[in-house]
Number of protein chains: 2
Amino acid sequence: MTLPQVSSISPISGPKQSAIPASLHQIKTHCATCSMHDLCLPVGLSEADISRLDDIIRRRRRIKRGETLYRMGEKFQYLYAIRFGHFKAIQVESSGAEQITGFQMSGELLGLDGIATDIHQCDAIALEDSEVCEVPFVQLEDLFREIPGLQRHFHRMMSREITREQGVMLLLGSMRAEQRLAAFLLNLSGRYAARGYSANRFQLRMTREEIGNYLGLTVESISRLLTKFRQQDWLKVEQRELEIVNHDELKKLISGTPDEDCSNA
Amino acid sequence: MTLPQVSSISPISGPKQSAIPASLHQIKTHCATCSMHDLCLPVGLSEADISRLDDIIRRRRRIKRGETLYRMGEKFQYLYAIRFGHFKAIQVESSGAEQITGFQMSGELLGLDGIATDIHQCDAIALEDSEVCEVPFVQLEDLFREIPGLQRHFHRMMSREITREQGVMLLLGSMRAEQRLAAFLLNLSGRYAARGYSANRFQLRMTREEIGNYLGLTVESISRLLTKFRQQDWLKVEQRELEIVNHDELKKLISGTPDEDCSNA
DNA sequence: CGTGCGCTTGATTGAGCTCAACGCGCGTGG
DNA sequence: CCACGCGCGTTGAGCTCAATCAAGCGCACG
(Lines give C-alpha, C1' and ligand atoms only; values in the text may rest on other atoms or scores of the structure.)
Protein backbone atom coordinates (compact mmCIF):
# COMPACT_ATOMS: atom_id res chain seq x y z
CA MET A 1 0.00 0.00 0.00
CA THR A 2 3.01 2.25 -0.12
CA LEU A 3 3.54 4.70 -2.90
CA PRO A 4 4.94 3.28 -6.09
CA GLN A 5 8.67 3.40 -6.13
CA VAL A 6 8.97 5.68 -9.03
CA SER A 7 12.55 6.34 -8.07
CA SER A 8 13.53 2.77 -8.71
CA ILE A 9 13.08 3.16 -12.43
CA SER A 10 14.78 6.54 -12.45
CA PRO A 11 13.59 8.21 -15.62
CA ILE A 12 15.77 10.94 -17.05
CA SER A 13 13.38 13.60 -15.83
CA GLY A 14 12.26 12.51 -12.42
CA PRO A 15 8.84 13.36 -11.06
CA LYS A 16 8.57 16.88 -9.75
CA GLN A 17 6.67 16.33 -6.54
CA SER A 18 6.94 20.02 -5.78
CA ALA A 19 4.06 21.63 -3.95
CA ILE A 20 1.55 18.86 -3.58
CA PRO A 21 0.49 18.06 -0.02
CA ALA A 22 1.27 14.49 0.93
CA SER A 23 -2.27 13.82 2.05
CA LEU A 24 -3.59 14.22 -1.44
CA HIS A 25 -1.39 11.46 -2.75
CA GLN A 26 -3.65 8.89 -1.26
CA ILE A 27 -6.83 9.84 -3.01
CA LYS A 28 -5.60 11.18 -6.32
CA THR A 29 -3.48 9.51 -8.92
CA HIS A 30 -1.73 12.64 -10.09
CA CYS A 31 -1.00 12.15 -13.71
CA ALA A 32 0.85 15.44 -13.46
CA THR A 33 3.55 13.89 -11.33
CA CYS A 34 3.60 10.49 -12.97
CA SER A 35 6.86 9.77 -14.69
CA MET A 36 4.99 8.32 -17.63
CA HIS A 37 3.05 11.53 -18.04
CA ASP A 38 4.27 12.44 -21.48
CA LEU A 39 3.70 8.97 -22.87
CA CYS A 40 0.16 8.73 -21.55
CA LEU A 41 -0.98 12.27 -22.12
CA PRO A 42 -0.96 14.75 -24.97
CA VAL A 43 1.51 17.59 -24.72
CA GLY A 44 0.10 20.88 -23.63
CA LEU A 45 -2.78 19.55 -21.59
CA SER A 46 -3.79 22.15 -19.03
CA GLU A 47 -3.45 21.59 -15.29
CA ALA A 48 -7.19 21.77 -15.02
CA ASP A 49 -7.75 19.12 -17.65
CA ILE A 50 -5.19 16.82 -16.09
CA SER A 51 -7.00 17.22 -12.84
CA ARG A 52 -10.28 16.18 -14.43
CA LEU A 53 -8.61 13.10 -15.73
CA ASP A 54 -7.22 12.41 -12.28
CA ASP A 55 -10.73 12.67 -10.94
CA ILE A 56 -12.02 9.72 -12.93
CA ILE A 57 -9.01 7.55 -12.19
CA ARG A 58 -10.00 6.48 -8.75
CA ARG A 59 -7.84 3.47 -8.36
CA ARG A 60 -4.36 2.26 -8.88
CA ARG A 61 -3.82 -1.44 -8.92
CA ARG A 62 -0.77 -3.39 -7.96
CA ILE A 63 -0.25 -6.58 -9.86
CA LYS A 64 2.34 -9.01 -8.66
CA ARG A 65 4.55 -11.00 -10.95
CA GLY A 66 2.57 -13.75 -12.64
CA GLU A 67 -0.82 -12.35 -11.66
CA THR A 68 -3.39 -11.45 -14.25
CA LEU A 69 -4.71 -7.94 -14.67
CA TYR A 70 -7.64 -9.19 -16.68
CA ARG A 71 -8.60 -12.38 -18.39
CA MET A 72 -10.15 -13.25 -21.71
CA GLY A 73 -13.92 -13.38 -21.39
CA GLU A 74 -14.12 -10.94 -18.50
CA LYS A 75 -16.26 -7.86 -18.80
CA PHE A 76 -14.41 -4.84 -20.09
CA GLN A 77 -14.76 -1.72 -17.98
CA TYR A 78 -11.35 -0.21 -17.61
CA LEU A 79 -8.36 0.72 -19.62
CA TYR A 80 -5.11 0.38 -17.76
CA ALA A 81 -2.18 2.75 -18.04
CA ILE A 82 0.98 1.08 -16.82
CA ARG A 83 2.75 3.21 -14.22
CA PHE A 84 5.63 0.84 -13.88
CA GLY A 85 6.35 -2.77 -14.60
CA HIS A 86 5.90 -5.05 -17.57
CA PHE A 87 3.05 -7.15 -18.88
CA LYS A 88 2.40 -9.67 -21.58
CA ALA A 89 -0.86 -9.98 -23.46
CA ILE A 90 -1.74 -13.49 -24.52
CA GLN A 91 -4.38 -14.92 -26.75
CA VAL A 92 -5.56 -18.40 -25.91
CA GLU A 93 -6.86 -20.53 -28.70
CA SER A 94 -9.65 -23.04 -28.39
CA SER A 95 -7.08 -25.83 -28.64
CA GLY A 96 -5.26 -24.40 -25.67
CA ALA A 97 -2.36 -23.02 -27.68
CA GLU A 98 -1.15 -19.69 -26.37
CA GLN A 99 0.17 -16.82 -28.39
CA ILE A 100 1.73 -13.77 -26.82
CA THR A 101 0.49 -10.82 -28.84
CA GLY A 102 2.54 -8.17 -27.12
CA PHE A 103 4.77 -7.08 -24.28
CA GLN A 104 3.70 -3.84 -22.65
CA MET A 105 5.79 -1.55 -20.50
CA SER A 106 5.32 1.62 -18.47
CA GLY A 107 3.47 4.39 -20.24
CA GLU A 108 1.61 1.95 -22.44
CA LEU A 109 -2.06 1.11 -22.43
CA LEU A 110 -3.69 -2.23 -21.75
CA GLY A 111 -7.25 -3.27 -22.39
CA LEU A 112 -7.92 -1.82 -25.85
CA ASP A 113 -8.93 -5.28 -27.01
CA GLY A 114 -12.03 -5.13 -24.83
CA ILE A 115 -13.68 -2.09 -26.36
CA ALA A 116 -15.04 -3.87 -29.42
CA THR A 117 -17.33 -6.28 -27.61
CA ASP A 118 -17.17 -5.14 -23.97
CA ILE A 119 -15.46 -8.45 -23.30
CA HIS A 120 -11.72 -8.80 -22.99
CA GLN A 121 -10.24 -10.79 -25.85
CA CYS A 122 -6.95 -11.69 -24.23
CA ASP A 123 -5.25 -12.16 -20.87
CA ALA A 124 -2.92 -9.54 -19.46
CA ILE A 125 -0.31 -10.97 -17.11
CA ALA A 126 2.37 -9.12 -15.14
CA LEU A 127 5.94 -10.13 -15.93
CA GLU A 128 7.12 -8.46 -12.71
CA ASP A 129 5.55 -6.57 -9.85
CA SER A 130 3.76 -3.74 -11.56
CA GLU A 131 1.30 -0.95 -11.05
CA VAL A 132 -1.42 0.39 -13.31
CA CYS A 133 -3.94 3.21 -13.30
CA GLU A 134 -7.45 1.94 -13.73
CA VAL A 135 -9.34 4.23 -16.09
CA PRO A 136 -13.11 3.72 -16.35
CA PHE A 137 -13.66 3.75 -20.08
CA VAL A 138 -17.19 5.11 -20.11
CA GLN A 139 -16.13 8.12 -18.10
CA LEU A 140 -13.06 8.54 -20.25
CA GLU A 141 -15.24 8.71 -23.35
CA ASP A 142 -17.33 11.36 -21.64
CA LEU A 143 -14.19 13.31 -20.96
CA PHE A 144 -13.16 13.13 -24.62
CA ARG A 145 -16.14 15.28 -25.46
CA GLU A 146 -14.84 17.98 -23.18
CA ILE A 147 -11.13 17.67 -23.88
CA PRO A 148 -10.59 17.31 -27.63
CA GLY A 149 -6.84 17.02 -27.19
CA LEU A 150 -7.32 14.00 -24.99
CA GLN A 151 -9.62 12.41 -27.54
CA ARG A 152 -7.10 12.95 -30.28
CA HIS A 153 -4.35 11.51 -28.15
CA PHE A 154 -6.38 8.43 -27.40
CA HIS A 155 -7.06 7.87 -31.08
CA ARG A 156 -3.36 8.17 -31.75
CA MET A 157 -2.61 5.57 -29.12
CA MET A 158 -5.13 3.15 -30.58
CA SER A 159 -3.78 3.76 -34.05
CA ARG A 160 -0.25 3.21 -32.80
CA GLU A 161 -1.34 -0.12 -31.42
CA ILE A 162 -2.72 -1.02 -34.83
CA THR A 163 0.48 -0.12 -36.61
CA ARG A 164 2.54 -1.88 -33.96
CA GLU A 165 0.62 -5.05 -34.63
CA GLN A 166 1.07 -4.59 -38.35
CA GLY A 167 4.78 -4.49 -37.70
CA VAL A 168 4.56 -7.77 -35.85
CA MET A 169 2.62 -9.26 -38.74
CA LEU A 170 5.40 -8.20 -41.07
CA LEU A 171 7.88 -9.84 -38.72
CA LEU A 172 5.95 -13.08 -38.37
CA GLY A 173 4.95 -13.23 -41.99
CA SER A 174 8.15 -12.46 -43.81
CA MET A 175 11.22 -12.58 -41.58
CA ARG A 176 13.52 -15.45 -40.77
CA ALA A 177 14.38 -16.43 -37.23
CA GLU A 178 17.53 -14.29 -36.99
CA GLN A 179 15.73 -11.24 -38.26
CA ARG A 180 12.83 -11.71 -35.91
CA LEU A 181 15.01 -11.80 -32.86
CA ALA A 182 17.10 -8.85 -34.02
CA ALA A 183 13.95 -6.83 -34.69
CA PHE A 184 12.59 -7.76 -31.30
CA LEU A 185 15.71 -6.68 -29.44
CA LEU A 186 15.96 -3.40 -31.33
CA ASN A 187 12.29 -2.76 -30.66
CA LEU A 188 12.85 -3.18 -26.93
CA SER A 189 15.91 -1.00 -27.17
CA GLY A 190 13.97 1.81 -28.79
CA ARG A 191 11.19 1.65 -26.26
CA TYR A 192 13.56 1.80 -23.32
CA ALA A 193 15.34 4.73 -24.93
CA ALA A 194 11.99 6.53 -25.29
CA ARG A 195 11.56 6.10 -21.54
CA GLY A 196 14.93 7.56 -20.73
CA TYR A 197 16.65 4.28 -20.00
CA SER A 198 19.70 2.97 -21.74
CA ALA A 199 19.06 1.86 -25.30
CA ASN A 200 21.90 -0.61 -25.10
CA ARG A 201 21.75 -2.17 -21.70
CA PHE A 202 18.56 -3.53 -20.25
CA GLN A 203 17.05 -6.51 -18.62
CA LEU A 204 14.81 -8.93 -20.44
CA ARG A 205 11.69 -9.22 -18.32
CA MET A 206 10.45 -12.29 -20.15
CA THR A 207 11.72 -15.84 -20.43
CA ARG A 208 13.27 -17.26 -23.60
CA GLU A 209 10.12 -19.31 -23.88
CA GLU A 210 8.01 -16.16 -23.94
CA ILE A 211 10.23 -14.47 -26.50
CA GLY A 212 10.01 -17.55 -28.67
CA ASN A 213 6.27 -17.71 -28.35
CA TYR A 214 5.94 -14.06 -29.31
CA LEU A 215 8.22 -14.45 -32.31
CA GLY A 216 6.75 -17.70 -33.53
CA LEU A 217 9.89 -19.66 -32.62
CA THR A 218 10.90 -22.25 -30.05
CA VAL A 219 12.91 -21.73 -26.88
CA GLU A 220 15.75 -23.68 -28.41
CA SER A 221 15.88 -21.39 -31.40
CA ILE A 222 15.97 -18.30 -29.22
CA SER A 223 18.72 -19.77 -27.12
CA ARG A 224 20.79 -20.74 -30.13
CA LEU A 225 20.31 -17.35 -31.75
CA LEU A 226 21.33 -15.49 -28.62
CA THR A 227 24.44 -17.65 -28.46
CA LYS A 228 25.14 -16.93 -32.09
CA PHE A 229 24.68 -13.18 -31.69
CA ARG A 230 26.97 -13.30 -28.66
CA GLN A 231 29.63 -15.20 -30.58
CA GLN A 232 29.51 -12.61 -33.33
CA ASP A 233 30.02 -9.92 -30.70
CA TRP A 234 26.75 -8.28 -31.48
CA LEU A 235 25.50 -8.68 -27.93
CA LYS A 236 26.48 -9.57 -24.44
CA VAL A 237 23.95 -11.75 -22.70
CA GLU A 238 24.05 -13.15 -19.21
CA GLN A 239 20.80 -14.60 -18.03
CA ARG A 240 18.26 -11.82 -18.44
CA GLU A 241 20.89 -9.09 -18.57
CA LEU A 242 21.42 -7.88 -22.10
CA GLU A 243 23.78 -5.46 -23.77
CA ILE A 244 23.59 -4.56 -27.42
CA VAL A 245 27.16 -4.10 -28.63
CA ASN A 246 26.64 -3.79 -32.35
CA HIS A 247 23.39 -2.02 -33.06
CA ASP A 248 24.22 -1.56 -36.73
CA GLU A 249 24.83 -5.18 -37.54
CA LEU A 250 21.50 -6.10 -36.03
CA LYS A 251 19.83 -3.43 -38.09
CA LYS A 252 21.56 -4.61 -41.21
CA LEU A 253 20.38 -8.12 -40.50
CA ILE A 254 16.75 -7.02 -40.45
CA SER A 255 16.73 -5.00 -43.63
CA GLY A 256 19.22 -7.25 -45.35
CA THR A 257 17.41 -9.30 -47.93
CA PRO A 258 18.41 -12.97 -48.12
CA ASP A 259 20.04 -12.24 -51.46
CA GLU A 260 22.65 -9.62 -50.74
CA ASP A 261 23.70 -9.23 -54.35
CA CYS A 262 20.97 -6.78 -55.27
CA SER A 263 23.04 -3.88 -53.95
CA ASN A 264 25.03 -3.36 -57.14
CA ALA A 265 23.50 -5.71 -59.62
CA MET B 1 -14.72 1.89 -67.74
CA THR B 2 -18.04 0.21 -67.13
CA LEU B 3 -19.82 0.58 -63.86
CA PRO B 4 -18.82 -1.89 -61.18
CA GLN B 5 -21.22 -4.75 -61.23
CA VAL B 6 -22.88 -4.21 -57.94
CA SER B 7 -25.55 -6.65 -58.90
CA SER B 8 -23.02 -9.44 -58.96
CA ILE B 9 -22.57 -9.22 -55.22
CA SER B 10 -26.29 -8.90 -54.57
CA PRO B 11 -26.66 -8.21 -50.86
CA ILE B 12 -29.67 -9.81 -49.18
CA SER B 13 -31.18 -6.45 -48.39
CA GLY B 14 -30.56 -4.22 -51.33
CA PRO B 15 -30.43 -0.45 -50.92
CA LYS B 16 -33.90 0.99 -50.44
CA GLN B 17 -33.81 4.00 -52.67
CA SER B 18 -37.39 4.83 -51.74
CA ALA B 19 -38.37 8.47 -51.65
CA ILE B 20 -35.13 10.30 -52.25
CA PRO B 21 -35.07 12.61 -55.26
CA ALA B 22 -32.47 11.55 -57.78
CA SER B 23 -30.89 14.96 -57.83
CA LEU B 24 -29.78 14.64 -54.21
CA HIS B 25 -27.85 11.50 -54.94
CA GLN B 26 -25.19 13.50 -56.58
CA ILE B 27 -24.30 15.75 -53.70
CA LYS B 28 -24.98 13.59 -50.67
CA THR B 29 -23.58 10.20 -49.80
CA HIS B 30 -26.65 8.95 -48.00
CA CYS B 31 -25.40 6.58 -45.37
CA ALA B 32 -29.05 5.90 -44.69
CA THR B 33 -29.47 4.15 -48.00
CA CYS B 34 -26.05 2.52 -48.16
CA SER B 35 -26.23 -1.24 -48.04
CA MET B 36 -23.31 -1.29 -45.63
CA HIS B 37 -25.17 0.99 -43.27
CA ASP B 38 -25.38 -1.36 -40.34
CA LEU B 39 -21.73 -2.32 -40.53
CA CYS B 40 -20.49 1.26 -40.65
CA LEU B 41 -22.91 2.85 -38.25
CA PRO B 42 -24.16 2.17 -34.74
CA VAL B 43 -27.67 0.84 -34.47
CA GLY B 44 -30.31 3.34 -33.46
CA LEU B 45 -28.62 6.42 -34.86
CA SER B 46 -31.26 9.06 -35.53
CA GLU B 47 -32.07 10.30 -39.02
CA ALA B 48 -30.79 13.70 -38.03
CA ASP B 49 -27.47 12.34 -36.85
CA ILE B 50 -26.99 10.28 -39.98
CA SER B 51 -27.63 13.38 -41.98
CA ARG B 52 -24.94 15.24 -40.07
CA LEU B 53 -22.52 12.49 -40.89
CA ASP B 54 -23.55 12.65 -44.53
CA ASP B 55 -22.78 16.34 -44.45
CA ILE B 56 -19.13 15.86 -43.69
CA ILE B 57 -18.69 13.06 -46.22
CA ARG B 58 -18.46 15.17 -49.29
CA ARG B 59 -16.89 12.73 -51.63
CA ARG B 60 -17.07 9.21 -52.80
CA ARG B 61 -14.12 7.83 -54.62
CA ARG B 62 -14.00 5.16 -57.26
CA ILE B 63 -10.84 3.09 -57.23
CA LYS B 64 -10.14 0.80 -60.11
CA ARG B 65 -8.57 -2.60 -59.77
CA GLY B 66 -4.89 -2.31 -58.97
CA GLU B 67 -5.03 1.39 -58.10
CA THR B 68 -3.96 2.66 -54.72
CA LEU B 69 -6.34 4.45 -52.40
CA TYR B 70 -3.43 5.80 -50.37
CA ARG B 71 0.22 5.09 -50.06
CA MET B 72 2.63 4.76 -47.18
CA GLY B 73 4.17 8.11 -46.36
CA GLU B 74 1.24 10.16 -47.61
CA LYS B 75 -0.46 12.62 -45.33
CA PHE B 76 -3.40 11.19 -43.46
CA GLN B 77 -6.59 13.18 -43.72
CA TYR B 78 -9.38 10.78 -44.43
CA LEU B 79 -10.77 7.53 -43.25
CA TYR B 80 -12.36 5.47 -45.95
CA ALA B 81 -15.48 3.38 -45.56
CA ILE B 82 -15.73 0.80 -48.29
CA ARG B 83 -19.09 0.95 -50.07
CA PHE B 84 -18.32 -1.95 -52.31
CA GLY B 85 -15.26 -3.76 -53.53
CA HIS B 86 -12.19 -5.25 -51.93
CA PHE B 87 -8.81 -3.90 -50.88
CA LYS B 88 -5.55 -5.15 -49.55
CA ALA B 89 -3.37 -3.25 -47.09
CA ILE B 90 0.32 -3.80 -47.51
CA GLN B 91 3.31 -2.87 -45.45
CA VAL B 92 6.54 -2.34 -47.34
CA GLU B 93 9.78 -2.99 -45.55
CA SER B 94 12.97 -1.05 -46.07
CA SER B 95 14.41 -4.05 -47.88
CA GLY B 96 11.52 -3.95 -50.30
CA ALA B 97 9.79 -7.01 -48.88
CA GLU B 98 6.03 -6.64 -48.87
CA GLN B 99 3.64 -7.98 -46.31
CA ILE B 100 -0.09 -7.88 -46.76
CA THR B 101 -1.53 -7.00 -43.37
CA GLY B 102 -5.16 -7.37 -44.26
CA PHE B 103 -7.89 -7.76 -46.84
CA GLN B 104 -10.76 -5.32 -46.44
CA MET B 105 -14.23 -5.61 -47.88
CA SER B 106 -17.39 -3.54 -48.02
CA GLY B 107 -18.51 -2.06 -44.73
CA GLU B 108 -14.96 -2.02 -43.38
CA LEU B 109 -12.76 0.95 -42.63
CA LEU B 110 -9.44 1.84 -44.20
CA GLY B 111 -6.92 4.36 -43.02
CA LEU B 112 -6.82 3.76 -39.28
CA ASP B 113 -3.06 3.28 -39.51
CA GLY B 114 -2.62 6.94 -40.34
CA ILE B 115 -4.11 8.42 -37.20
CA ALA B 116 -1.07 7.82 -35.00
CA THR B 117 1.37 10.02 -36.88
CA ASP B 118 -0.82 11.76 -39.48
CA ILE B 119 1.14 9.80 -42.06
CA HIS B 120 -0.17 6.62 -43.62
CA GLN B 121 1.84 3.59 -42.57
CA CYS B 122 0.78 1.26 -45.36
CA ASP B 123 -0.53 1.15 -48.90
CA ALA B 124 -4.17 0.40 -49.64
CA ILE B 125 -4.74 -1.14 -53.06
CA ALA B 126 -8.01 -2.12 -54.70
CA LEU B 127 -8.35 -5.80 -55.61
CA GLU B 128 -11.24 -4.99 -57.91
CA ASP B 129 -13.14 -1.91 -58.98
CA SER B 130 -14.35 -0.43 -55.72
CA GLU B 131 -15.92 2.59 -54.15
CA VAL B 132 -15.25 4.27 -50.83
CA CYS B 133 -16.66 7.14 -48.79
CA GLU B 134 -14.01 9.66 -47.92
CA VAL B 135 -14.48 10.79 -44.32
CA PRO B 136 -12.43 13.81 -43.18
CA PHE B 137 -11.08 12.62 -39.86
CA VAL B 138 -10.83 15.99 -38.13
CA GLN B 139 -14.47 16.70 -38.80
CA LEU B 140 -15.39 13.19 -37.76
CA GLU B 141 -13.70 13.73 -34.41
CA ASP B 142 -15.67 16.92 -33.99
CA LEU B 143 -18.84 15.00 -34.68
CA PHE B 144 -17.96 12.45 -32.00
CA ARG B 145 -18.36 15.17 -29.42
CA GLU B 146 -21.91 15.70 -30.52
CA ILE B 147 -22.92 12.13 -31.23
CA PRO B 148 -21.67 9.90 -28.42
CA GLY B 149 -23.08 6.81 -30.07
CA LEU B 150 -20.95 7.46 -33.11
CA GLN B 151 -17.86 7.92 -30.96
CA ARG B 152 -18.51 4.66 -29.21
CA HIS B 153 -19.02 2.89 -32.49
CA PHE B 154 -15.79 4.23 -33.87
CA HIS B 155 -13.90 3.04 -30.83
CA ARG B 156 -15.43 -0.37 -31.26
CA MET B 157 -14.31 -0.46 -34.86
CA MET B 158 -10.75 0.48 -33.93
CA SER B 159 -10.74 -2.10 -31.19
CA ARG B 160 -12.07 -4.71 -33.57
CA GLU B 161 -9.19 -3.95 -35.88
CA ILE B 162 -6.80 -4.51 -32.97
CA THR B 163 -8.32 -7.86 -32.06
CA ARG B 164 -8.46 -8.87 -35.71
CA GLU B 165 -4.75 -8.28 -35.97
CA GLN B 166 -4.18 -10.22 -32.77
CA GLY B 167 -5.97 -13.09 -34.42
CA VAL B 168 -3.61 -12.88 -37.36
CA MET B 169 -0.65 -12.84 -35.00
CA LEU B 170 -1.97 -16.03 -33.43
CA LEU B 171 -2.29 -17.50 -36.87
CA LEU B 172 1.17 -16.49 -38.03
CA GLY B 173 2.82 -17.28 -34.74
CA SER B 174 1.44 -20.63 -33.86
CA MET B 175 -0.41 -22.31 -36.70
CA ARG B 176 0.86 -24.65 -39.35
CA ALA B 177 0.28 -24.05 -43.03
CA GLU B 178 -2.89 -26.15 -43.24
CA GLN B 179 -4.41 -24.41 -40.26
CA ARG B 180 -3.56 -20.97 -41.57
CA LEU B 181 -5.31 -21.53 -44.85
CA ALA B 182 -8.32 -23.12 -43.19
CA ALA B 183 -8.58 -20.21 -40.77
CA PHE B 184 -8.28 -17.75 -43.62
CA LEU B 185 -11.04 -19.37 -45.66
CA LEU B 186 -13.38 -19.62 -42.69
CA ASN B 187 -12.67 -16.01 -41.84
CA LEU B 188 -13.68 -14.92 -45.34
CA SER B 189 -16.71 -17.15 -45.10
CA GLY B 190 -17.86 -15.50 -41.89
CA ARG B 191 -17.37 -12.04 -43.25
CA TYR B 192 -19.37 -12.75 -46.38
CA ALA B 193 -22.09 -14.27 -44.27
CA ALA B 194 -22.21 -11.10 -42.15
CA ARG B 195 -22.81 -9.16 -45.36
CA GLY B 196 -25.68 -11.35 -46.44
CA TYR B 197 -23.74 -13.31 -49.04
CA SER B 198 -23.33 -17.03 -49.08
CA ALA B 199 -21.03 -18.33 -46.37
CA ASN B 200 -20.11 -21.31 -48.50
CA ARG B 201 -19.76 -20.07 -52.02
CA PHE B 202 -17.75 -17.01 -52.87
CA GLN B 203 -15.07 -15.72 -55.11
CA LEU B 204 -11.52 -15.17 -53.98
CA ARG B 205 -10.66 -11.61 -54.92
CA MET B 206 -6.96 -12.10 -54.38
CA THR B 207 -4.32 -14.18 -56.12
CA ARG B 208 -2.73 -17.25 -54.53
CA GLU B 209 0.38 -15.15 -54.27
CA GLU B 210 -1.47 -12.60 -52.15
CA ILE B 211 -3.03 -15.25 -49.96
CA GLY B 212 0.39 -16.75 -49.41
CA ASN B 213 1.94 -13.44 -48.61
CA TYR B 214 -0.78 -12.69 -46.08
CA LEU B 215 -0.45 -16.09 -44.43
CA GLY B 216 3.33 -16.14 -44.39
CA LEU B 217 3.47 -18.95 -46.96
CA THR B 218 4.50 -19.30 -50.60
CA VAL B 219 2.26 -19.49 -53.65
CA GLU B 220 3.27 -23.09 -54.11
CA SER B 221 2.17 -23.98 -50.60
CA ILE B 222 -1.20 -22.34 -51.10
CA SER B 223 -1.69 -24.15 -54.35
CA ARG B 224 -0.74 -27.50 -52.85
CA LEU B 225 -2.98 -26.97 -49.86
CA LEU B 226 -5.96 -26.04 -51.98
CA THR B 227 -5.39 -29.17 -54.01
CA LYS B 228 -5.16 -31.19 -50.84
CA PHE B 229 -8.35 -29.70 -49.40
CA ARG B 230 -10.08 -30.37 -52.67
CA GLN B 231 -8.92 -33.98 -52.72
CA GLN B 232 -10.26 -34.45 -49.22
CA ASP B 233 -13.60 -33.07 -50.40
CA TRP B 234 -13.47 -30.17 -48.01
CA LEU B 235 -13.72 -27.64 -50.80
CA LYS B 236 -14.43 -27.17 -54.45
CA VAL B 237 -12.05 -24.76 -56.11
CA GLU B 238 -11.98 -23.65 -59.68
CA GLN B 239 -9.79 -20.68 -60.37
CA ARG B 240 -11.03 -17.99 -57.98
CA GLU B 241 -14.40 -19.64 -57.47
CA LEU B 242 -14.57 -21.35 -54.10
CA GLU B 243 -17.09 -23.54 -52.35
CA ILE B 244 -16.65 -24.75 -48.83
CA VAL B 245 -18.10 -28.24 -48.70
CA ASN B 246 -17.02 -29.37 -45.27
CA HIS B 247 -17.00 -26.46 -42.90
CA ASP B 248 -16.62 -28.68 -39.86
CA GLU B 249 -13.49 -30.47 -40.96
CA LEU B 250 -11.83 -27.14 -41.63
CA LYS B 251 -12.82 -25.94 -38.20
CA LYS B 252 -11.53 -29.12 -36.62
CA LEU B 253 -8.26 -28.67 -38.41
CA ILE B 254 -7.75 -25.23 -36.87
CA SER B 255 -8.48 -26.13 -33.30
CA GLY B 256 -6.98 -29.60 -33.60
CA THR B 257 -3.67 -29.63 -31.79
CA PRO B 258 -0.85 -31.55 -33.48
CA ASP B 259 -1.03 -34.03 -30.60
CA GLU B 260 -4.59 -35.27 -30.56
CA ASP B 261 -4.13 -37.43 -27.50
CA CYS B 262 -4.63 -34.67 -24.95
CA SER B 263 -8.41 -35.03 -25.15
CA ASN B 264 -8.68 -37.81 -22.59
CA ALA B 265 -5.20 -38.17 -21.18
C1' DC C 1 19.50 -31.29 -0.20
C1' DG C 2 16.54 -32.53 -3.58
C1' DT C 3 13.32 -30.72 -7.00
C1' DG C 4 11.85 -27.96 -10.68
C1' DC C 5 12.26 -24.37 -13.79
C1' DG C 6 14.81 -21.83 -17.05
C1' DC C 7 18.36 -22.25 -20.21
C1' DT C 8 21.78 -24.38 -23.30
C1' DT C 9 23.60 -27.65 -26.59
C1' DG C 10 23.60 -31.63 -29.72
C1' DA C 11 21.44 -34.94 -33.07
C1' DT C 12 17.84 -35.78 -36.03
C1' DT C 13 13.67 -34.83 -38.55
C1' DG C 14 10.36 -32.76 -41.38
C1' DA C 15 7.34 -28.93 -42.98
C1' DG C 16 7.52 -25.72 -46.06
C1' DC C 17 10.79 -23.20 -49.23
C1' DT C 18 13.32 -22.96 -53.57
C1' DC C 19 14.03 -24.00 -58.10
C1' DA C 20 12.31 -25.64 -62.30
C1' DA C 21 9.09 -26.98 -65.69
C1' DC C 22 4.73 -26.79 -67.59
C1' DG C 23 -0.36 -25.67 -68.59
C1' DC C 24 -4.03 -22.65 -69.22
C1' DG C 25 -6.60 -18.50 -70.43
C1' DC C 26 -6.44 -14.11 -72.26
C1' DG C 27 -5.14 -10.00 -74.53
C1' DT C 28 -2.27 -8.12 -78.22
C1' DG C 29 -0.29 -7.63 -82.44
C1' DG C 30 1.15 -9.51 -86.85
C1' DC D 1 -7.21 -15.66 -87.85
C1' DC D 2 -3.36 -17.55 -85.37
C1' DA D 3 1.07 -16.76 -82.88
C1' DC D 4 2.95 -15.10 -79.12
C1' DG D 5 3.79 -13.45 -74.56
C1' DC D 6 2.41 -12.96 -70.02
C1' DG D 7 0.22 -13.51 -65.65
C1' DC D 8 -1.53 -16.90 -62.81
C1' DG D 9 -1.70 -21.40 -61.17
C1' DT D 10 -0.12 -26.26 -60.59
C1' DT D 11 3.12 -29.95 -59.82
C1' DG D 12 7.55 -32.29 -58.89
C1' DA D 13 12.32 -32.79 -56.80
C1' DG D 14 15.54 -31.52 -53.64
C1' DC D 15 17.06 -28.72 -49.93
C1' DT D 16 17.12 -25.90 -45.70
C1' DC D 17 15.84 -23.76 -41.71
C1' DA D 18 13.81 -24.26 -37.65
C1' DA D 19 11.17 -27.88 -34.96
C1' DT D 20 11.51 -31.89 -32.25
C1' DC D 21 13.63 -34.98 -29.23
C1' DA D 22 16.98 -35.73 -25.79
C1' DA D 23 20.32 -34.75 -22.33
C1' DG D 24 22.47 -32.00 -19.01
C1' DC D 25 23.58 -27.75 -16.25
C1' DG D 26 22.87 -24.18 -12.69
C1' DC D 27 20.25 -21.57 -9.79
C1' DA D 28 16.29 -20.59 -6.70
C1' DC D 29 13.42 -22.25 -3.38
C1' DG D 30 10.86 -25.20 -0.37
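A note on names: the letters A, B, ... follow the listed sequences, proteins ahead of strands, and every chain is numbered from 1.
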Under 4.0 Å between a Lys/Arg side-chain N and an Asp/Glu carboxylate O for A/Arg164 and B/Glu165? no

Go along nucleotides 9-26 of chain D 5' to 3' and tag each nucleotide: B for a protein heavy atom under 4.0 Å from its base, S when only backbone or sugar atoms are that close, - otherwise. SBBBB----SSBB-----

Is the ring centre of B/Phe202 less than 6.0 Å from the ring centre of B/Tyr197? no

Side-chain donor-acceptor pairs under 3.5 Å in residues 229-236 of chain A, sequence neighbours left out?
residue	atom	partner	partner atom	Å
A/Trp234	NE1	A/Gln232	O	3.4

Do A/Glu74 and A/His120 have a side chain donor and acceptor closer than 3.5 Å?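 Their side chains do not contain a donor-acceptor pair, so the 3.5 Å distance test is not met.
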
Sole candidate of A/Ile125, A/Asp123, A/Leu110, A/Ile63 that passes side-chain contact (heavy atoms from CB on, under 4.5 Å) when paired with A/Tyr70: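 Single side-chain contact (heavy atoms from CB on, under 4.5 Å) partner of A/Tyr70 among A/Ile125, A/Asp123, A/Leu110, A/Ile63: A/Leu110.
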
